[in-house]
Protein chains: 2
Amino acid sequence: MFLRVAKRSLLLTCALPSFIMTNNSAVNPSEVGWQFVPQYYTFVNKHPNRLHCFYNKSSTFIHGTEGEDGKPCFGQQEIHNKITSIGFQDCKVFIHSVDAQSSANGGIIIQVIGEMSNKGEAWRKFVQTFFLAEQPNGYFVLNDIFRFLKEESVDEACPR
Amino acid sequence: MFLRVAKRSLLLTCALPSFIMTNNSAVNPSEVGWQFVPQYYTFVNKHPNRLHCFYNKSSTFIHGTEGEDGKPCFGQQEIHNKITSIGFQDCKVFIHSVDAQSSANGGIIIQVIGEMSNKGEAWRKFVQTFFLAEQPNGYFVLNDIFRFLKEESVDEACPR
């Protein structure tokens, strides 16, 4: 599902592949969701140093684990710094489900459930909610809420 | 966490308790989230037949299980019919995490992770995303995406 992107010399620009630039007339939210989600996680895998390009100065981002406190980041620079601190390295994502609905102001709300393995470490289940806001020729990520799921319930489910 | 509500004679009206009717000036999204979430699940528990009152004709609602197809419902009547078909009876909810962010058009996006037990049946983990859109004196639920989480990963996590 990974996307071929432009040459390294472009990696520090914020040009995104053109196929996110959909024609927003008669938008099908599921199509936008299924177009956005593979593209987003391809950037997580291949170009985490460009992932901030999905966001802009009005974006809010939180990345943490279920039930743990976390400070949201505001704007592209803070989000880039946070993404850098997460340290994505060959981060693999397996998608379990994608729900997308039309929302306020021509935006699209997306809930993703999946599993992630960063740096070859164990797979961890996560849920991520995006709000894609319209911009000329496409969308940007206005809201991003990422939570790894805790697995306490796993132990309870194991035969003793 | 359950809320005391007005007398039974009001159950078929769409009057909601006044404390959802916040003053939206200088909104703190976390406060709105923590005000909304207990109120919403209290209605799931005590007044599922009034739960549609959180929605309006522009709302979209989906309720299902991770990875399974589901048809979204549009508008208060379809949502009410779907809620009725779910058959909430003394449905208990335990909240693990609530994330809320300011979003488009003065709205608030909320991601909830929790566990639900309906009719005394087994607790099931779920994730639910809401978009609260502004309306005079408060908010309504413009988007609602509910997914029970599958527990395959549970078995994998069990010692063999």
Side-chain angles (χ1 to χ4, degrees), chain A residues 29-30 58-70 72 74 95-115 122-134 142-160, chain B residues 29-30 58-70 72 74 95-115 122-134 142-160:
Chain A
S30 292
S58 60
S59 303
T60 307
F61 172 99
I62 191 159
H63 180 102
T65 295
E66 173 190 348
E68 296 180 359
D69 284 346
F74 301 99
I95 302 302
H96 293 201
S97 84
V98 175
D99 286 289
Q101 297 180 359
S102 298
S103 191
N105 248 16
I108 308 273
I109 191 165
I110 302 175
Q111 179 181 277
V112 178
I113 302 168
E115 290 178 83
W123 288 86
R124 298 179 66 187
K125 199 164 181 178
F126 71 89
V127 57
Q128 188 162 18
T129 297
F130 298 98
F131 186 96
L132 302 187
E134 279 191 308
L142 177 61
N143 301 92
D144 181 348
I145 301 170
F146 179 103
R147 291 286 177 186
F148 282 118
L149 296 169
K150 283 187 173 169
E151 307 268 345
E152 307 98 339
S153 50
V154 169
D155 307 330
E156 289 157 22
C158 295
R160 293 257 152 68
Chain B
S30 293
S58 61
S59 303
T60 307
F61 173 99
I62 191 159
H63 181 102
T65 296
E66 173 189 349
E68 298 182 357
D69 284 344
F74 301 99
I95 302 301
H96 294 201
S97 83
V98 175
D99 285 288
Q101 297 180 359
S102 297
S103 191
N105 245 14
I108 309 272
I109 191 166
I110 303 175
Q111 182 198 80
V112 178
I113 302 168
E115 289 178 85
W123 289 85
R124 299 178 67 187
K125 198 164 181 179
F126 70 89
V127 57
Q128 188 162 18
T129 295
F130 298 98
F131 186 95
L132 302 187
E134 279 191 307
L142 177 61
N143 301 93
D144 181 348
I145 301 170
F146 179 102
R147 290 285 177 187
F148 283 117
L149 296 169
K150 283 188 175 170
E151 307 268 346
E152 305 99 338
S153 50
V154 168
D155 307 329
E156 289 157 20
C158 295
R160 293 259 151 68

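This is a predicted model, so every value here is computed, not measured. So that the names make sense, note that chain A is the first sequence line, chain B the second, and so on, each numbered from 1.
Looking at Phe61(B), the atoms closer than 4.5 Å to chain A (heavy atoms on both sides) all sit in the backbone: N, CA, C or O. For Ser102(B), the part lying near chain A is the backbone, with the side chain staying farther off; criterion is any non-hydrogen pair under 4.5 Å. For a residue to count as touching a neighbouring chain, one of its non-hydrogen atoms must lie under 4.5 Å from one of that chain's; by this rule Glu68(B) does not touch chain A. Residue Asp144(B) touches chain A through its backbone alone, counting heavy-atom pairs closer than 4.5 Å. At a 4.5 Å heavy-atom cutoff, the contact between Ile113(B) and chain A is made by side-chain atoms alone. Using a 4.5 Å cut-off between heavy atoms, Ala104(B) touches chain A through backbone and side chain atoms alike.
Atoms CZ and CG, on Phe146(A) and Asp99(B) in that order, are 12.0 Å from each other to the nearest 0.5 Å.
Between Leu149(A) and Lys125(B) there is a side-chain heavy-atom pair separated by less than 4.5 Å. Residues Lys150(B) and His96(A) have side chains not in contact (no heavy-atom distance under 4.5 Å, counting atoms from C-beta outward).
Taking both residues in full, the closest heavy atoms of Gly67(B) and Ser97(A) are given as N-CB, 3.4 Å, listed atom of the first, atom of the second, then distance. When all heavy atoms of Ile109(B) and Phe131(A) are compared, the pair lying nearest together is CD1-CB, 3.9 Å.
For the pair Gln101(A) (side chain) and Asn143(B) (backbone), a donor-acceptor distance under 3.5 Å is absent.
Per-residue heavy-atom pair counts under 4.5 Å with chain A were compared for Val127(B), Val98(B), Ile145(B), and the maximum is reached by Ile145(B).
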